[in-house]
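All values derive from a computational prediction rather than experimental measurement. For ligands, and for the atoms within them, numbers begin at 1 and follow the listed sequence.
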Amino acid sequence: MKRIGLLAGSLRAESYARKVVRNLGLMGPNTVMIEPISLAHLPLLHDQMSSREQAICRAFKAQIKQLDGFCLVTPEINRGMPGCLKNALDIASVSDDGNLWQGKPALIASVSTGKLGGMSANQQLKQLALVLGMQVIQPSEIYLSDVEQLFAKHDLLTDEQTVTFLKLAMARLVAAVQGAEPTSPALTFAFSPDDIQLQQQGQTIGQATFDWSTGLLVITEVTIEPDFAHQGLAGQLMLKLIMMARLFDLSIVAGCGYSQAFFKLHPAIAQRLCLH
Ligand SMILES: Cc1cc2nc3c(=O)[nH]c(=O)nc-3n(C[C@H](O)[C@H](O)[C@H](O)COP(=O)(O)O)c2cc1C
């Protein structure tokens, strides 16, 4: 399975860039692995690193090496890309295996609480991505202005225009990573702060409901319309819930019969993500 890494150019706890990149992760299909990548622990690149710093850089490069594409979301600070993102891109540009970004597709977006959507930082990031040999996917001009207004409860992106635009970009990234033409996925997922709806050609064929409180994702019900039962679709909803828990750092509470049965069948996932 192909893997897409999520990188946000901010170390701020409540970073909007990180919130956007997490939402992009949710927009990917269940046929790709989505990996959030932390930049918080990376040392500044220089030639006299301690052995501990070198080990951190080696681990980061190993992560980047196994990824097939990236979502890069940058804020704009003083008309530029923050140093933490530039530093991360620099670190993995040099390795025993060469430049680890080379040839990999990248979705590039910028955010700002101002009106210009981080356009200058976005241009810098695109230039750097081209220098590093990344394949910048279209649409290549994703500038999210007044970003703080785009979220609903729980940091979910609900602004319809933004969601539609980002879904298009994500579909193009996934197609580039999978080496295929972009197609409309047979199944789509619509997120709200209380449920995920599973849709086929615009028709809702199933849903998962949940309570999301601080640090917890309590799954309250997973249902599939009777005509679509026994096709593994409830499992697709569970995969989305698991992805949501991973991206937003939530522990899962299996609060309905289906989710309890699912985790009994997948004890390794339960061990990692469920509250015991
Ligand atoms: C020191 C500083 C400089 C900033 N400079 C810019 C800027 O040049 N352009 C802009 O659009 N926003 C600027 N901002 C606003 C940021 O875009 C906004 O704080 C954003 O939320 C930061 O990203 P984050 O939420 O991912 O940490 C600046 C913010 C700070 C604190």
Inset, instruction - Among all protein heavy atoms, pick the one closest to atom 16 (C) of ligand 1 and tell me residue, atom and distance. - result: Glu76 O, 3.6 Å
Inset, instruction - Select the closest option to atom 20 (C) of ligand 1 among Val21, Thr113, Val73, judged by heavy-atom distance. - result: Thr113
Inset, instruction - Look at atom 21 (O) of ligand 1 and say which protein heavy atom is nearest, naming residue and atom and giving the distance to 0.1 Å. - result: Tyr16 CD1, 3.3 Å
Legend entry - Heavy-atom nearest neighbour in the protein, as seen from atom 10 (C) of ligand 1, with distance rounded to 0.1 Å: Ser112 OG, 3.4 Å
Legend entry - Heavy atom of the protein closest to atom 5 (N) of ligand 1 (residue, atom name, distance): Asn78 N, 2.9 Å
Inset, instruction - Please assess Arg3 against Gln66 for the test side-chain contact (heavy atoms from CB on, under 4.5 Å), listing each intermediate value before the final yes or no. - result: CA-CA 7 Å; Arg3 292 164 179 264; Gln66 52 140 7; 3.3 Å; yes
Legend entry - Identity and distance of the protein heavy atom lying nearest atom 23 (O) of ligand 1: Pro75 CB, 3.1 Å
Legend entry - Sub-4.5 Å side-chain heavy-atom contact between Ile205 and Leu187: yes
Legend entry - Heavy atoms of other groups near His230 NE2, more than 12 under 6.0 Å: no
Inset, instruction - Mind checking the CZ-CZ spacing from Arg22 to Phe248? Nearest 0.5 Å is all I need. - result: 6.0 Å
Legend entry - Heteroatom proximity flag, Arg18 to ligand 1, N/O under 3.5 Å: no
Inset, instruction - Taking only heavy atoms of Ser10 into account, list the atoms of ligand 1 that are under 4.0 Å away from them. - result: 24 (P), 26 (O), 27 (O)
Inset, instruction - Work out which heavy atom in Asp195 is nearest to a heavy atom in Gln197; give both atom names and the distance. - result: OD2-NE2, 3.5 Å
Legend entry - Nearest non-hydrogen protein atom, atom 26 (O) of ligand 1: Ser15 OG, 2.7 Å
Inset, instruction - Apply side-chain contact (heavy atoms from CB on, under 4.5 Å) to Val222 and Phe262, showing your working. - result: CA-CA 11 Å; Val222 179; Phe262 180 93; over 6 Å; no
Inset, instruction - Step through the shown structure and confirm whether more than 12 heavy atoms of other residues, nucleotides or ligands are within 6.0 Å of CZ on Arg12. - result: yes
Legend entry - Atom NZ of Lys2 with >12 non-hydrogen neighbours under 6.0 angstrom: no
Legend entry - Gln123 and Tyr143: CA distance, side-chain angles, deciding distance, side chain to side chain donor-acceptor pair (under 3.5 Å) verdict: CA-CA 10 Å; Gln123 305 296 0; Tyr143 313 116; 3.3 Å; yes
Inset, instruction - Run the numbers for me: atoms of ligand 1, each under 4.0 Å from some heavy atom of Ala17, listed by number. - result: 26 (O)
Inset, instruction - Give the contacting part of Arg79 toward ligand 1: side chain, backbone, both or neither, where contact means a heavy-atom distance below 4.0 Å. - result: both
Legend entry - Non-hydrogen atom of Gly114 closer than 4.0 Å to ligand 1: no
Inset, instruction - Run the contact test for Ile77 against ligand 1 with a 4.0 Å cut-off on heavy atoms, strictly below, and give the result. - result: yes
